[in-house]
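Just so you know, ligand 1 is whichever comes first in the structure, and atom 1 is the first atom listed for that ligand. Owing to the predicted nature of the structure, the values given are computational and were not obtained by experimental measurement.
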Amino acid sequence: MTTSYDPGPKQSGEFRITHLSDPHIGTAQSAFRQRLRSLIGKSHSRNLSNFQAVLRDMANMEIDHVVITGDLTNAAKPEEFKTVKAILADFVQPDRLTVVPGNHDISYRRVKRAYRTKGCPRKLWQFVHHFWEVFPSRYPPEFGLAAKEQFPFVKVLAGGEVVLIGLDTTGNLPTKIGLLNSFGWVGRAQMNELRALLKSPRMRDKIKIVAMHHHPMIVPVATMFDSFKYMFQSKELLDLLYESGVDLILHGHKHHPFCWQSRTFRDHDLTVICAGPPNAYDSAKSALLVYNIYSIEDRRITVHYRSFSPPLRPRTEFARK
Ligand SMILES: [Fe+2]
Ligand SMILES: [Fe+2]
C-alpha cells in the first residue's frame, strides 16, 4: 500500500474506486433556522454546492466505482433522500455506486408502510427503499451462500479481482435519542453472517474491501461529541477482518480524514481509512474539499488523497431586500 496526492492519468488494467463520506445533505429550512445554522458556520446550500463540486471533480478522474460511507442525509427526511438521489444520478450510474447507512440516515419518526422493503432491518427500510437499485439482492452465486439479511452485502468488482462488502453499523440503539444514535453496533446476526462469508474459499485470492459508517477502532477525541461515536463490538469486528485478510476498511462518521495502517503487525497489511473533510461538506471552516481515490493495479492498492478548494459562492443567501 502506497499513498500519493495525484492519481495522474489512468493506466490500462487499473481499477479506480473513489470514497467519500458524510455529505449530510439537508433540505431548505425556514429563514430563521437557516440563520441559526449560519451562526455556527453551516449552510445547506453550501453543502449542496460542495457535494456537487466533489462529484464533478470525481467525474474527471476516470472512476470505476464510487463508495459513500453513510450519513448521506442530515435527518433522513424523504425529500433529503430524493435530493441526494437526484444529485448522484447526474454523476454516477447505480451499478457503479455503493452506499452504506449512517446514523443520520435512520429516521427518528415512524417509517411509512410504503417504504417497507422485504428482508431489511425495520429501521433501514427507508434507506434501502431509496437506494434499492444500488443494493445487490443476494450474494454472487460463486460464494455458495444464501443471504439471510440485507447486510452484509457483497459486490464483486474489477473483473473478479476485488470483493466489496457493505456493513450496517447503525445497530439497534434507540434512534430517537440523538447522542445514543451516534454509537455503532454490528449486531450478532450480521457478525455471524460476515464470519461465514469471509470464510468462503472464493474470498481467498481477492482484494477484500469493507465499507461501513462507524470507525472500527478508537479514534482521537477532538470534541465532546466524539465520545458518543464509539462502536461496540469494534475489537471483535477488527479481529475478524484482520484475521480474514481484509485489505481495506473504508468508513466515515468522524468527519475528519484519517488513516491507520497495521504495518507493524505480522505479515498482512490492513489499512483503515476515514474519508471526508472536517465537519462534513457544509462547514465554512472547510478550506479544502477532500475525498480519496484507491487505484488497484497488479494486486496493489495505492491511496490518493484528492483535495481542492471549494467553488466560490455568492454571498447573497440571506440578503435583506
Ligand atoms: Fe456524519
Ligand atoms: Fe455519523
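- At least one donor-acceptor pair under 3.5 Å links the side chain of His253 to the backbone N or O of Ser182.
- When atom types are taken as modelled, the side chain of Lys77 and the backbone of Ser107 share no donor-acceptor pair closer than 3.5 angstrom.
- Applying the ring pair (Phe, Tyr, Trp, His ring centres under 6.0 Å) rule to pairs touching residues 53-72 yields nothing, sequence neighbours excluded.
- Vertex the Fe ion (ligand 1); arms to Asp22 atom OD2 and His255 atom NE2; angle 90° (nearest 10°).
- When you scan the N, O or S atoms of His253 for the one nearest the Fe ion (ligand 2), you land on ND1.
- Formation of a donor-acceptor pair under 3.5 Å by the Gln190 side chain with backbone atoms of Asp168 is found in this model.
- For His24, the nearest N, O or S atom to the Fe ion (ligand 1) falls under 2.8 Å.
- When you scan the N, O or S atoms of Asp71 for the one nearest the Fe ion (ligand 1), you land on OD2.
- Coordination check, Asn103 versus the Fe ion (ligand 2): passed, since an N/O/S atom of the residue sits under 2.8 Å.
- Here Met203 contributes atom CE and Lys208 contributes atom NZ; the two are 7.0 Å apart, rounded to the nearest 0.5 Å.
- The Fe ion (ligand 2) does not have His104 among its coordinating residues (no N/O/S atom, backbone or side chain, under 2.8 Å).
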